[in-house]
Amino acid sequence: EKQRAVLRLLEEGNPVDLIALRFGRVLFDDGFLKGLRGGGYKPTQRTIERWVHTASFGLSSAANNYSLPACICCYFRDLHHSARDFSRAMILKKKNELVEGNTMVIEHLTSLYPELVEDYRFILNGRRNYQDFEPRYLKTRKIEENELGKYLLAGENFAKMADYLVVGES
């Protein structure tokens with residue numbers, strides 16, 4: 001039963017399962033996963049749609065956390081995951097390649113969408129150093145003047161580009 005569910009998810013192009021199959025390390029296997037590695041499971045349009053969906057949810061969560069500060073670590077985690085998943089969707093749409101990890105994402109962004117590399121690194125640096133921000137939210141009228149708001153605007157750039165490149169071309 002579980003094996004059929006995994007096969008169905010792979011055939012549908014579920015991003016988490018495709019990434020795990022392609023890049024994951026198997027700690028225990030009764031032979032089932034080994035047989036899947038050469039099975040030719042490929043991303044589908046649904047893979048792109050799922051990444052855009054999860055990225056949008058992450059950006060929304062970060063925006064909520066910005067508006068009603070509760071967890072600074074969560075704010076940066078959600079921004080990072082959102083930028084990464086929007087990037088994955090754009091890269092998959094353009095090159096039909098799965099990417100995993102920040103290094104692969106930045107390499108592909110550099111060649112395909114260089115205008116997003118600085119924003120990706122900015123968000124990644126914010127996530128790595130989130131503890132430097134502590135719960136000190138600056139009271140400003142404009143988001144672009146707020147230290148944390150600048151990160152949210154960088155995350156929004158990925159949403160805009162993905163909307164144009166992925167959603168707009170579907």
**Student:** How would you list, by chain and number, every residue that makes a disulfide (SG to SG under 2.5 Å) with Cys73, sequence neighbours excluded?
**Tutor:**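 Not a single residue meets the disulfide (SG to SG under 2.5 Å) criterion with Cys73.
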**Student:** Assess whether side-chain contact (heavy atoms from CB on, under 4.5 Å) is satisfied between Val26 and Lys34, documenting all intermediate values.
**Tutor:** CA-CA 9 Å; Val26 178; Lys34 186 178 181 182; over 6 Å; no
**Student:** With no hydrogens and no angle check, is any side-chain donor or acceptor of Asn65 less than 3.5 Å from a backbone partner on Cys71?
**Tutor:** yes
**Student:** Could you tell me whether the side chain of Ser67 and the main chain of Asn64 form a donor-acceptor pair under 3.5 Å?
**Tutor:**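 Flag not set: sc Ser67 to bb Asn64 has no pair under 3.5 Å.
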**Student:** Under the side-chain hydrogen bond (donor to acceptor under 3.5 Å, both in side chains) rule, what pairs show up with a residue in residues 13-32, not counting sequence neighbours?
**Tutor:**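 For residues 13-32, and leaving out neighbouring residues, the side-chain hydrogen bond (donor to acceptor under 3.5 Å, both in side chains) pairs sorted by first residue read Asn14-Asp17.
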**Student:** Between Tyr130 (side chain only) and Cys74 (backbone N and O only), is there a donor and an acceptor less than 3.5 Å apart?
**Tutor:**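 No, Tyr130 side chain to Cys74 backbone: no donor-acceptor pair under 3.5 Å.
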**Student:** Please indicate whether Phe57 has more than 12 foreign heavy atoms, meaning atoms of other residues, nucleotides or ligands, lying under 6.0 Å from its CZ.
**Tutor:**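 Not buried by this count: 12 neighbours or fewer within 6.0 Å.
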**Student:** Who passes side-chain hydrogen bond (donor to acceptor under 3.5 Å, both in side chains) against Tyr151, sequence neighbours left out?
**Tutor:** none
**Student:** Taking Ser82 for the side chain and Ala55 for the main chain, is one N or O donor matched with an acceptor at less than 3.5 Å?
**Tutor:** yes
**Student:** Ser60 side chain to Ser56 main-chain N or O, any donor-acceptor pair under 3.5 Å?
**Tutor:**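 Not a single qualifying donor-acceptor pair exists.
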**Student:** Looking at side-chain heavy atoms only, is the closest gap between Pro43 and Leu98 below 4.5 Å?
**Tutor:** yes
**Student:** Checking His80 against Leu124 for the side-chain contact (heavy atoms from CB on, under 4.5 Å) test, could you report, in this order, the C-alpha distance in whole Å, the side-chain angles of both residues, the deciding distance, and whether it holds?
**Tutor:** CA-CA 6 Å; His80 172 234; Leu124 191 56; 3.6 Å; yes
**Student:** Under the rule for side-chain hydrogen bond (donor to acceptor under 3.5 Å, both in side chains), what residues qualify as partners of Glu118, not counting sequence neighbours?
**Tutor:** none
**Student:** Show your reasoning for whether side-chain contact (heavy atoms from CB on, under 4.5 Å) applies to Leu116 and Met161.
**Tutor:** CA-CA 9 Å; Leu116 291 176; Met161 183 70 89; 3.9 Å; yes
**Student:** Would you check if Asp132 and Asn129 make a side-chain contact, meaning some heavy-atom pair closer than 4.5 Å?
**Tutor:** yes
**Student:** Between Val16 and Leu7, is there a shared hydrophobic cluster once you connect ILVMFWY residues whose side-chain heavy atoms come closer than 4.5 Å?
**Tutor:** no
**Student:** Is the closest side-chain heavy-atom distance between Trp51 and Met90 below 4.5 Å?
**Tutor:** no
**Student:** Does any part of the side chain of Phe76, heavy atoms only, come nearer than 4.5 Å to the side chain of Ile123, both counted from C-beta?
**Tutor:** no
**Student:** With heavy-atom distances below 4.5 Å as the criterion, would you say the side chains of Asp163 and Phe86 are in contact?
**Tutor:** no
**Student:** Is a donor on one side and an acceptor on the other found under 3.5 Å between the side chain of Thr47 and the backbone of Pro15?
**Tutor:** no
**Student:** Do Leu165 and Lys93 have side chains that get closer than 4.5 Å, going by heavy atoms?
**Tutor:**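 No; the side chains remain at least 4.5 Å from each other.
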**Student:** Within the structure provided, determine whether Phe158 and Leu109 are in side-chain contact (heavy-atom separation under 4.5 Å).
**Tutor:**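 Result yes, sub-4.5 Å side-chain heavy-atom pair found.
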**Student:** Taking only residues at least two apart or on different chains, which pairs with a member in residues 61-89 satisfy salt bridge (Lys or Arg N to Asp or Glu O under 4.0 Å)?
**Tutor:**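 Qualifying pairs, neighbours excluded: Asp85-Arg88, Arg88-Glu100.
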**Student:** Please identify each residue that fulfils salt bridge (Lys or Arg N to Asp or Glu O under 4.0 Å) with Lys94, with sequence neighbours left out.
**Tutor:**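 Applying salt bridge (Lys or Arg N to Asp or Glu O under 4.0 Å) to Lys94 gives none.
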**Student:** When you compare the side chain of Glu107 with that of Thr103, does any pair of heavy atoms fall below 4.5 Å?
**Tutor:**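 When only atoms from C-beta onward are counted, Glu107 and Thr103 do touch, with a gap below 4.5 Å.
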